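Below is one structure; the comments refer to it alone.
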Amino acid sequence: MPIRLVEKRSLGTFVVVWAVTVLAARCVAQDALIQEGHLIDPGSNTIAQHQSILVHAGKIAAVGENLQAPLGVQVIDLSGAWVLPGLGDAHQHITLDFPPAPAKGSVWEGLRLNQSTAERTVRGIRNARALLEAGFTMIRDVGNAAEYADTEVRRAIERGWFPGPTMLNAGKIITPFGGQDPGAAPERGAWWHDEYIDVDSTEQVRAAVRRDIYYGALVIKLAADSNTYHFSEEQIRAAVDEAHRAGLTVAVHVYGGEAARNAILGGVDSVEHGYELSDELLDLMKQKGTYLVATEMSAQNAMMLFGDIGMDVKAFHEHSLQRLQRAYRHGVKMAFGTDASLELADSTRPNQILEQAEIWQEAGLSPQFILKCMTVNVADLMGLGKSRGAIRAGLAADIIATTENPLGNITALRKVNFVMKDGKVIRDSRSTVPR
Ligand SMILES: [Zn+2]
């Protein structure tokens with residue numbers, strides 16, 4: 001028996017050593033020469049053929065024809081693939097997994113009651129990895145993370161403990177009294193403080209921004225119109241002033257009307273959702289350079305998120321398409337963001353994100369425009385324009401590849417089979433995917 005025990009332990013030790021070695025080899029940044037077939041630059045709408053990318057110390061050292069691999073540098077052959085910069089989602093909630101709502105009503109309150117910040121953190125780590133493996137190398141997490149679970153997820157990724165996208169996080173969402181939970185019984189008290197900070201004066205707005213920054217927020221998120229009252233332009237301006245002074249941008253959940261006007265005039269960096277923006281407000285956004293993060297989801301997914309709220313599925317979808325077309329026609333800056341957060345047996349979070357890209361395509365927006373919104377524009381909105389969002393010398397080596405041309409059809413993004421993040425190969429499933 002003792003001999004068998006020793007044998008078993010040896011085998012176990014061997015397996016552990018093998019696993020650690022293999023995983024380390026996959027996850028450590030290694031200099032590489034990537035030889036590619038078609039290099040897509042969504043920013044300039046160009047495709048270059050037969051280029052090579054030299055990756056050194058996690059960054060792109062050079063891009064060009066006939067680059068030679070220095071001695072000892074790994075050669076990665078992507079010559080049959082379509083190569084492009086890593087993707088971004090500017091409206092994520094990675095610590096939040098929504099089970100489908102029952103026929104009537106929402107699971108939102110129960111979910112918050114039953115899940116600890118620790119659980120939300122672990123969910124965030126799981127979702128961050130899944131997003132990265134699908135090719136999403138940048139995300140902006142816009143709050144709803146219990147007691148700052150998003151900060152812990154971001155720090156764990158930055159420390160290299162777990163693989164994940166480059167991330168900005170918002171911490172608690174700042175709202176007028178009541179969070180995004182209208183109609184709570186008075187005896188329940190301000191129970192929404194688990195996810196929200198409520199503020200009702202300009203000074204309170206400033207204090208809330210400082211509090212979020214203190215607990216690790218890298219972007220400030222306001223929700224302006226979740227109740228019938230909303231932030232004034234002065235209150236918005238105070239949040240923007242306080243955030244910008246600390247080098248942070250401001251994202252505002254708002255659908256339309258006066259609340260949206262106050263947000264835009266108050267100088268926010270992005271309007272989130274904006275489902276009811278009038279032509280006049282879209283013009284104002286264009287004038288002010290405000291980003292729209294449109295979060296267009298399918299009617300089916302909206303019902304699973306919010307419950308059956310008597311929605312006319314066909315009208316909802318038509319409205320989504322027309323709103324995207326109007327924003328595009330008005331020339332509003334758009335960064336791709338989704339709100340995708342359903343926990344479904346038959347559709348992963350990356351799938352839900354890509355479904356939304358397909359809605360953009362159905363609205364008539366070109367794959368090139370969509371890719372630009374998913375790469376360059378997300379990087380710009382996140383303040384990462386000088387370091388990510390394109391494949392160019394000096395930028396981080398965030399590189400993905402697909403088997404089909406996403407400029408021909410955006411659904412090709414479902415066939416990402418190679419992901420490199422900061423020079424580390426995160427996923428390489430090329431041999432299992434037929435060319
Ligand atoms: Zn959201």
Side-chain angles (χ1 to χ4, degrees), residues 88-101 106-109 111-112 115 120 123-124 127-128 131 136 138-146 148-150 153-154 165 167-175 178-182 192 194-197 212 217-227 230-231 249-256 259-260 263 268-277 291-299 301-307 309 316 320 323 334-344 349-350 352-353 355-357 359 373 378 381-382:
D89 185 334
H91 191 115
Q92 261 296 310
H93 301 281
I94 59 163
T95 71
L96 193 58
D97 291 302
F98 265 102
S106 160
V107 293
W108 177 221
E109 290 80 12
L111 181 151
R112 281 154 62 193
Q115 292 184 4
R120 299 282 287 276
R123 285 177 179 275
N127 290 330
L131 289 174
F136 290 87
M138 303 174 284
I139 60 165
R140 200 177 55 142
D141 193 280
V142 285
N144 290 126
Y148 298 93
D150 52 349
V153 174
R154 176 178 60 73
M167 178 177 161
L168 298 186
N169 66 297
K172 289 200 177 184
I173 298 172
I174 301 169
T175 69
Q180 289 184 289
D181 299 286
W192 51 83
D194 63 338
E195 303 259 338
Y196 299 90
I197 307 174
D212 265 340
L218 294 182
V219 56
I220 295 300
K221 166 83 176 295
L222 312 180
D225 61 354
S226 295
N227 287 290
H230 45 251
F231 283 130
T249 52
V250 176
V252 177
H253 163 117
V254 68
Y255 283 10
V268 303
D269 299 279
S270 66
V271 163
E272 311 293 306
H273 316 301
Y275 301 128
E276 307 300 336
L277 288 168
Y291 265 106
L292 173 64
V293 180
T295 68
E296 295 293 0
M297 63 183 68
S298 68
N301 284 0
M303 280 198 287
M304 283 196 274
L305 214 50
F306 305 118
I309 45 178
F316 179 93
S320 295
R323 201 281 303 254
M334 293 166 79
F336 184 76
T338 64
D339 229 351
S341 49
L342 280 164
E343 189 170 38
L344 302 172
R349 184 175 295 231
Q352 293 164 41
I353 294 173
E355 278 169 21
Q356 296 201 26
I359 293 175
C373 292
V378 171
L381 177 57
M382 288 176 66

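Numbering of ligands and ligand atoms starts at 1, following listing order. Quick caveat, the model's predicted, so the values are computed rather than measured.
- Applying side-chain contact (heavy atoms from CB on, under 4.5 Å) to Val293 and the options Val378, Leu381, Asp339, Asp89 leaves one that passes, Leu381.
- Checking His253 against the Zn ion (ligand 1), every N/O/S atom stays at or beyond the 2.8 Å cut-off.
- Relative ring orientation between Tyr255 and Tyr275 is described as perpendicular, the plane-to-plane angle rising above 60° on a 0-90° scale split at 30° and 60°.
- Side-chain contact annotation: Thr249 with Arg140, donor-acceptor N/O pair under 3.5 Å absent.
- Here His91 meets the criterion, with an N, O or S atom under 2.8 Å of the Zn ion (ligand 1).
- Checked against the Zn ion (ligand 1), the N, O or S atom of Asp339 at the shortest distance is OD1.
- Using a 3.5 Å distance cut-off with no hydrogens or angles, the side chains of Asn301 and Gln352 do not pair a donor with an acceptor.
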